[in-house]
Each structure stands twice: as C-alpha cells, then as structure tokens.
Amino acid sequence: MTFQWTAVASFLYGEVAVLLIFCIPFISPLRWRKIFRFKLWSKVSPYWNKAFLSIIVVLIVLFLDAAREVRKYSASQLTDKNAKLYPSSYDHIHMKLFRSQRNLYISGFSLFFWLVLRRLVSLIMQLASEIEGNTAIQTQVENANETAKKYMEDNEQLKKTINRAKMDEGKWALKADNEKLKTEVEHLKVEVQRMTDALSKSQKDASALKKQCDGLTREYDHLLREHDKLQNATDGIQNKKEE
C-alpha cells in the first residue's frame, strides 16, 4: 500500500474511532458543546470550513482515481489478452484489480464518514441548544406559576380586606374604600389574566420544543443505526482484505 492510501486508511480508522466516541451514551450533548467551545477549538474554527472542503476535494480525487484504476484492470478484453500472451501476468492483473477495489472502498467510506461526521457534530450542537432552551423555558414557566400564585393570594387577601371593610364605621368612608379596593381588584385581575396568558404561551413553546427535541433524537438514533450498518460493511471489507 502506497503512502497516500496508507494515509487515507489511517484517516478512515480515525473517523470510525471519532464516531464511536460520539456514540458514547453517558456524554450528553451539553458536555460535547462545552468541549467544542474550548479555546483550542476557537482558534482552529476559522480554518475549519477550508480544511473540511479541502479534505472533501482530496477524497473525491482519490475516489475517482481508484474508480479509474478499477475500470482499467477490470476490462475483460485486456485480461483475456494478457492471459493468452503472458500467463503469469493474469495473477498480477487480478492483484492490481483487488488493490484498486480496496482503494475505492477506502476512499469512498472515508468520504462518506467525513460527511456523516460533519452532520453529526452539527446535530449535537443543535440538540444541545434545544435542551438548553427547553430548560430556560421551563424555568420561565415555573417563575410565571409562582407569580400567578402570588397574585391569587393577593387577590384573596384583598377580598378579605373588602369583607372587613364592610364592617367599618362610616358609610362614606366605607364606600370610598370599596371603590379603591374594587379598582385594585380589577387591576390584579388584569395582571392575573396577563400572567395566565404568558403561562399558556410558555407551555405551548415548551411543548413545541419538546417535539423538536424528540425529532432530533430520532434523527440522531437513525444516524447511529446507519453508522452500525457502515461499521459492519467496513468490517466485511477488512475481513476480505485479511483473506
């Protein structure tokens, strides 16, 4: 195996190792996002897109070169002609065909895993943002519930105050107090209604975010299943190489 294909094979093994690390269940997306926000990654991030595209271009070139080699050595006419003229060259041609097919699979899977790795990182970052947003909305809902409960207690206290005010002396003073209390009650009713509406809206937003998180989880599970299938295919190719 030449240096370039050794490098591509090593790159493929590295991609498989990174994907397996990303599949570790006890590392949450929030922790992965903290890891991605280290100072080292912040320094590398401006060059990430250029490096990603450059690696894609290199892998595509190697894939096309391997496909060309496979087509070159799999031509039946060339094989039959060389087998008749040089019987010993038959095995040599098939050996080169095997190497070309091996290089084709290595470059193809490296390119595919590279795209899957980029997509998986973006999904992990999105899932971490959704989880953090859901937590913030839940905190807002709890605060809204506490505020609404406080307003309801104040309303009950005002009702008790109104009932006590009916027993106070002075008809005109009682009437003025009643008007004042009614105004405060109306104001509190408006505030309670506003907080109730805000609470309902927050619950709807939380439900929508929960559905979106479930969708991202299902897509993440789908990628894991695809990864298992690709891992089995890679193991089959490696077993064929050993044979």
Side-chain angles (χ1 to χ4, degrees), residues 1-70 99-135 209 211-242:
M1 185 181 290
T2 60
F3 175 76
Q4 60 181 3
W5 293 113
T6 303
V8 175
S10 302
F11 184 72
L12 176 61
Y13 298 148
E15 287 176 330
V16 173
V18 172
L19 287 173
L20 289 176
I21 292 173
F22 279 144
C23 294
I24 296 176
F26 56 83
I27 301 180
S28 63
L30 294 176
R31 185 170 296 178
W32 279 120
R33 191 174 67 171
K34 290 180 180 179
I35 293 174
F36 292 151
R37 288 183 176 179
F38 283 166
K39 292 183 179 180
L40 177 62
W41 295 111
S42 63
K43 294 179 180 179
V44 176
S45 59
Y47 308 100
W48 167 246
N49 289 328
K50 294 181 180 179
F52 177 77
L53 294 176
S54 299
I55 292 175
I56 286 180
V57 171
V58 172
L59 291 176
I60 289 175
V61 171
L62 292 174
F63 180 79
L64 294 177
D65 181 66
R68 182 185 62 81
E69 292 292 328
V70 169
R99 290 179 178 176
S100 300
Q101 291 175 344
R102 178 200 61 194
N103 296 335
L104 180 67
Y105 291 138
I106 290 175
S107 58
F109 277 109
S110 297
L111 178 60
F112 179 75
F113 282 151
W114 185 241
L115 297 174
V116 169
L117 188 63
R118 173 66 178 271
R119 180 60 178 166
L120 183 60
V121 170
S122 63
L123 286 176
I124 289 174
M125 296 297 290
Q126 291 178 7
L127 184 59
S129 299
E130 294 296 336
I131 292 174
E132 188 177 13
N134 191 19
T135 303
L209 283 173
K211 291 180 180 179
Q212 190 174 4
C213 288
D214 292 338
L216 287 174
T217 303
R218 287 194 296 270
E219 187 175 355
Y220 183 74
D221 293 336
H222 176 69
L223 283 175
L224 288 181
R225 290 193 295 270
E226 290 296 328
H227 168 261
D228 292 336
K229 293 179 181 179
L230 292 174
Q231 181 66 32
N232 292 331
T234 305
D235 293 338
I237 294 171
Q238 198 165 15
N239 291 331
K240 182 178 178 183
K241 179 181 175 181
E242 293 176 356

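Atoms considered below: every heavy atom in the structure, side chains included; atoms not considered: hydrogens, waters and symmetry mates. Nothing fancy with the numbering, it's 1 onward along the sequence.
For Leu111, the side chain to side chain contact (heavy atoms under 4.5 Å, CB included) test picks out Ile56, Leu59, Ile60, with sequence neighbours left out.
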Step by step, would you call Phe22 with Val121 a side chain to side chain contact (heavy atoms under 4.5 Å, CB included)?
CA-CA 9 Å; Phe22 279 144; Val121 170; 3.9 Å; yes
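Met125 is not listed as a side-chain neighbour of Ser122, based on a closest heavy-atom distance of 4.5 Å or more. The side-chain heavy atoms of Val16 and Phe109, taken from C-beta on, include no pair separated by under 4.5 Å. Within the 4.5 Å cutoff, no side-chain heavy atoms of Gln126 are placed close to those of Glu219.
The heavy-atom pair separating Ser110 from Leu12 by the smallest distance is OG-CB, 3.3 Å. Closest approach of Ala66 and Asn103 over heavy atoms only: CB-C, 3.8 Å. Here the shortest heavy-atom pairing between Trp5 and Ser107 reads CZ3-CB, 3.8 Å.
Going from atom OG1 of Thr217 over to atom CD of Glu130 covers 10.0 Å, rounded to the nearest 0.5 Å. To the nearest 0.5 Å, atoms CG (Leu104) and CZ (Phe63) are separated by 4.5 Å. Taken to the nearest 0.5 Å, the CG atom of Leu117 stands 8.5 Å off from the CZ atom of Phe52.
Among the candidates Ile55, Leu62, Val61, the single residue satisfying the side chain to side chain contact (heavy atoms under 4.5 Å, CB included) test with Val58 is Leu62.
For residues 54-67, the set of pairs meeting the side chain to side chain donor-acceptor pair (under 3.5 Å) definition, not counting sequence neighbours, comprises Asp65-Arg68.
Judged by distance alone, with hydrogens and angles left aside, the side-chain atoms of Glu69 form no donor-acceptor pair with the main-chain N or O of Ser100 at under 3.5 Å.
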